[in-house]
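Each remark here refers to the structure printed beneath this line.
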Amino acid sequence: TYVVTDACIKCKYTDCVEVCPVDCFYEGENMLVINPSECIDCGVCEPECPAEAILPDTEGGLETWLELNTKYSAEWPNITEKKDPPADADEHKGEEGKFDKYFS
Ligand code: SF4
Ligand code: F3S
C-alpha cells in the first residue's frame with residue numbers, strides 16, 4: 001500500500017484525490033490518509049503530491065504512518081474531489097516536526 005506521511009499536515013493540496021482510481025483517500029482537519037485495505041498500489045498519487053507526502057510502505061520505516069493511515073481512514077470521511085489548500089499551505093511545505101506541532 002501507499003501511505004500519507006506527515007509532510008501532508010497543513011498542506012493538504014488534495015491533488016492526490018483526483019487521480020486515485022479507487023477513491024481511497026480520507027480527510028481529517030490537517031491531513032489526508034489512505035485506506036490501506038482499499039489502495040491497489042497503482043502508485044499514480046505519489047508524483048502528484050507537491051509536498052511529496054505519499055510513499056509506498058515498501059520503503060521501510062513507515063510503520064507509524066501505516067498505522068495512522070489505517071486508524072484514521074476508518075474514522076474520517078472519504079474525499080474524492082480536489083479543493084483549495086489552506087491559504088498558508090506553501091509556508092508549511094517541507095517543515096519539520098509537523099506531527100508533534102499540529103496533529104490533533
Ligand atoms: Fe489510490 Fe493508487 Fe495512490 Fe493507492 S497508490 S492511494 S490506489 S492512487
Ligand atoms: Fe496531502 Fe499531498 Fe494529497 S499534501 S492532500 S498528500 S496532494
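Atoms within each ligand, like the ligands themselves, are counted from 1 in listed order. Throughout, residue positions are numbered sequentially from 1 according to the sequence presented. Values in this document were obtained by computation on a predicted structure and should not be read as measured data.
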Mind checking whether Val17 contacts ligand 2 via backbone (N, CA, C, O), side chain (CB onward), both or neither, at a 4.0 Å heavy-atom cut-off?
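Under 4.0 Å from ligand 2, Val17 contributes no heavy atoms.
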Tally of protein N, O or S atoms, where distance to atom 2 (Fe) of ligand 1 is under 2.8 Å
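My tally for this metal is 1.
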Heavy-atom closest pair, residues Lys93 and Pro50:
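Where Lys93 meets Pro50 most closely, the heavy atoms are CE-O, 3.4 Å.
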Taking all atoms of both residues into account, what is the closest heavy-atom pair of Asp23 and Glu38, and its distance?
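Minimum heavy-atom separation between Asp23 and Glu38: O-OE1, 4.5 Å.
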Check ligand 2 against [X] and write out every atom of the ligand that is under 4.0 Å from a heavy-atom position of the residue.
X     : answer
Asp15 : 7 (S)
Ile54 : 6 (S)
Leu32 : 5 (S)
Thr14 : 3 (Fe), 5 (S), 7 (S)

Evaluate the ring pair (Phe, Tyr, Trp, His ring centres under 6.0 Å) criterion for residues Phe25 and Trp76: first the C-alpha distance (whole Å), next the side-chain angles of each, then the deciding distance (0.1 Å), finally the verdict.
CA-CA 9 Å; Phe25 283 91; Trp76 292 347; over 10 Å; no
Please state which protein non-hydrogen atom is closest to [atom] and give its distance, to 0.1 Å?
atom                    : answer
atom 3 (Fe) of ligand 2 : Cys16 SG, 2.3 Å
atom 2 (Fe) of ligand 2 : Cys49 SG, 2.3 Å
atom 1 (Fe) of ligand 2 : Cys8 SG, 2.3 Å

Roughly how far, to the nearest 0.5 Å, is the CD1 atom of Ile9 from the CE atom of Met31?
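These two atoms lie 5.0 Å from each other.
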Approximate separation, where rounding is to 0.5 Å, of Asn30 CG and Cys8 SG
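It is 9.0 Å, given to the nearest 0.5 Å.
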If you look only at distance, which donor and acceptor atoms sit under 3.5 Å apart when one is on a side chain in residues 39-49 and the other is two or more places apart or in another chain?
unit_1, atom_1, unit_2, atom_2, d
Asp41, OD1, Thr1, N, 3.2
Asp41, OD2, Thr1, N, 3.4

Kindly say whether Gly28 contributes a backbone atom to a donor-acceptor pair with the side chain of Lys12 at under 3.5 angstrom?
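Flag set: sc Lys12 to bb Gly28 pair under 3.5 Å.
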Per-atom contacts, ligand 1 versus Phe25 - under 4.0 Å to a heavy atom
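So the atoms of ligand 1 that pass are 6 (S).
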Have Glu27 and Tyr72 got a donor and an acceptor in their side chains that come within less than 3.5 Å?
no
For Asp100, all residues meeting side-chain contact (heavy atoms from CB on, under 4.5 Å), sequence neighbours excluded:
none
With sequence neighbours excluded, tell me which residues meet side-chain contact (heavy atoms from CB on, under 4.5 Å) with Glu59.
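Glu59 satisfies side-chain contact (heavy atoms from CB on, under 4.5 Å) with Leu55, Pro56, Leu62 only.
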